[in-house]
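We use all heavy atoms of the structure for the numbers below, so side chains are in, but hydrogens, waters and symmetry mates are not. To find a chain, count down the sequence lines: A is the first, B the second, and so on, and within it residues start at 1.
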Number of protein chains: 2
Amino acid sequence: MADSKTDLRIIRTKESILTALIDLIEEKGFETITVKDITTRANINRGTFYAHYQDKFDLMAKCEEKVMLEISSIAKQNFPNVIASLEMDSSNVPPFPLTVSLFEYLNKNSDIMRALLGPKGDLSFQTRLKEFMWDTLYGTNPIALVKEENFLVPGQYLSSYMGTALIGVVQQWLNSGRKESPQEMARILTIINVNGPFYAAGLKK
Amino acid sequence: MADSKTDLRIIRTKESILTALIDLIEEKGFETITVKDITTRANINRGTFYAHYQDKFDLMAKCEEKVMLEISSIAKQNFPNVIASLEMDSSNVPPFPLTVSLFEYLNKNSDIMRALLGPKGDLSFQTRLKEFMWDTLYGTNPIALVKEENFLVPGQYLSSYMGTALIGVVQQWLNSGRKESPQEMARILTIINVNGPFYAAGLKK
DNA sequence: ATAATAAAAGAACACCGTGTTGTTTTATTA
DNA sequence: TAATAAAACAACACGGTGTTCTTTTATTAT
């Protein structure tokens with residue numbers, strides 16, 4: 001038994017569906033999209049959609065899972081993480097390699113990421129991604145220097161703060177046409193994180 | 001002609017609808033809610049709903065507009081804003097009055113705010129609120145000391161960063177049962193904003 | 001208190017998207 | 001070129017939508 005490859009038609013169909021989904025999210029937002037919208041746009045029969053996905057939520061979930069896995073793999077490749085490379089007293093630290101890799105991934109997959117993270121995207125995805133970001137980028141692990149007992153504020157708020165701030169910066173970058181390079185974005189994010197937003201606004205020191 | 005007050009039935013109906021909406025958002029998420037769900041929960045006829053709102057999106061929009069106006073009014077009452085009261089070199093600044101007022105408002109209206117800002121809430125609202133927050137809390141105005149030419153990073157990213165970070169902290173607070181007082185939350189947020197998240201995590205200085 | 005008013009309830013309607021189940025056609029694989 | 005299965009096609013019951021009409025009921029103003 002040869003390791004039979006997946007039928008070309010399936011690949012084409014799934015690609016058509018994904019492209020249609022991304023387009024439609026940006027056009028009218030996920031919540032108002034119908035399965036009919038998707039199949040019409042993808043030029044496939046509606047029944048074919050149901051051969052691959054339960055409904056539009058299932059499609060979305062599978063789509064998001066794929067993205068999460070890819071980001072997760074990036075995090076693993078860049079282990080040890082961010083925190084370990086921080087020089088404490090430097091106010092001009094180099095951008096963290098993991099952050100650069102992250103923005104490079106976002107840059108390569110900007111269409112789908114803009115759809116998912118955009119103002120018409122999926123809120124639950126952003127929530128999950130936020131938590132995931134904290135865990136992988138700044139979260140506690142054997143290497144990280146993060147120690148809860150040194151916190152000046154409750155860890156849950158620090159986590160929310162940095163997680164959502166990162167998502168916010170990414171959203172802004174994606175929605176404003178990605179004018180800056182991934183390296184530049186990593187630098188910007190690092191400056192604000194290390195020195196604080198007030199410092200970055202020229203209001204301190 | 002006396003300035004006829006609105007019919008008591010209208011007030012009752014609208015209140016029932018709003019309560020039902022808030023409950024249902026937390027139960028199943030806005031996107032899967034049907035008008036029938038709302039009217040059943042609110043114990044009103046479905047036709048009555050359409051006498052007041054075009055559809056569930058219209059209801060949501062009116063509901064959000066109300067919240068935005070109230071927050072806007074809070075911002076006006078606390079003018080001049082946050083920035084003007086910042087002592088530059090202090091690492092133990094008092095919480096900004098406007099931020100305290102904001103958390104007090106959120107505390108009083110926690111049900112609706114938790115529904116709107118929660119993981120099953122409305123993404124577009126969060127986007128609008130984020131921009132609104134920057135404008136009113138940290139945005140450039142005649143009093144604010146914020147000057148774009150002093151920025152170490154592009155202003156759009158600073159805005160996104162602080163706006164989303166604030167929302168993230170608020171969400172965390174609302175979803176974890178509001179254990180801290182509004183004053184304490186304002187203090188936490190101020191510490192992170194002024195000194196930076198890394199400092200607040202005990203990773204700097 | 002009562003009449004005028006209008007809000008809410010109730011019922012019926014066509015419309016549209018859903019999810020499913022068959023059958024037929026067509027593309028891919030071996 | 002034959003076997004296979006994906007996709008197209010068609011038909012179905014179901015449920016929510018948004019509208020219109022009539023009837024009932026609560027509120028307001030006299």
Chemist: Distance-only check: which donor-acceptor pairs under 3.5 Å involve side-chain atoms of residues 63-70 of chain A, not counting sequence neighbours?
Modeler:
| unit_1 | atom_1 | unit_2 | atom_2 | d |
| --- | --- | --- | --- | --- |
| A:Glu64 | OE1 | A:Arg128 | NH2 | 2.6 |
| A:Glu70 | OE1 | A:Tyr105 | OH | 2.3 |

Chemist: Heavy atoms under 4.0 Å is the rule here; annotate nucleotides 6-18 of chain D 5' to 3' with B where the base is hit, S where only the sugar-phosphate is, and - elsewhere.
Modeler: BSSB------SBB
Chemist: For B:Lys36, give me all partners under salt bridge (charged side-chain N to carboxylate O under 4.0 Å, His left out), at least two apart in sequence or on another chain.
Modeler: none
Chemist: Can you list the stems that include DNA chain C, where a stem is three or more consecutive Watson-Crick or G-U pairs with distances under 3.5 Å?
Modeler: C:1-30 with D:1-30
Chemist: Under the rule for salt bridge (charged side-chain N to carboxylate O under 4.0 Å, His left out), what residues qualify as partners of B:Glu26, not counting sequence neighbours?
Modeler: B:Arg114
Chemist: C:dT18 P sits how many Å from A:Tyr53 OH, rounded?
Modeler: 16 Å
Chemist: Under 6.0 Å from the ring centre and within 45 degrees of the ring axis: does the NZ or CZ of B:Lys56 meet both conditions for the six-membered ring of B:Phe30?
Modeler: yes
Chemist: Can you sort out the partners of A:Arg9 under salt bridge (charged side-chain N to carboxylate O under 4.0 Å, His left out), two or more places apart, ordered by chain and number?
Modeler: A:Asp7
Chemist: State which residues pass ring-ring contact (aromatic ring centres under 6.0 Å, His included) with B:Phe103; sequence neighbours excluded, sorted by chain then number.
Modeler: B:Trp173
Chemist: Starting from P on D:dT20, measure out to CZ on B:Phe49 and report it in whole angstrom.
Modeler: 17 Å
Chemist: Under the salt bridge (charged side-chain N to carboxylate O under 4.0 Å, His left out) test, which residues partner B:Glu104, sequence neighbours left out?
Modeler: none
Chemist: Please list all pairs meeting salt bridge (charged side-chain N to carboxylate O under 4.0 Å, His left out) that have one or both residues in residues 38-54 of chain A, counting only residues at least two apart or in different chains.
Modeler: A:Glu27-A:Arg41
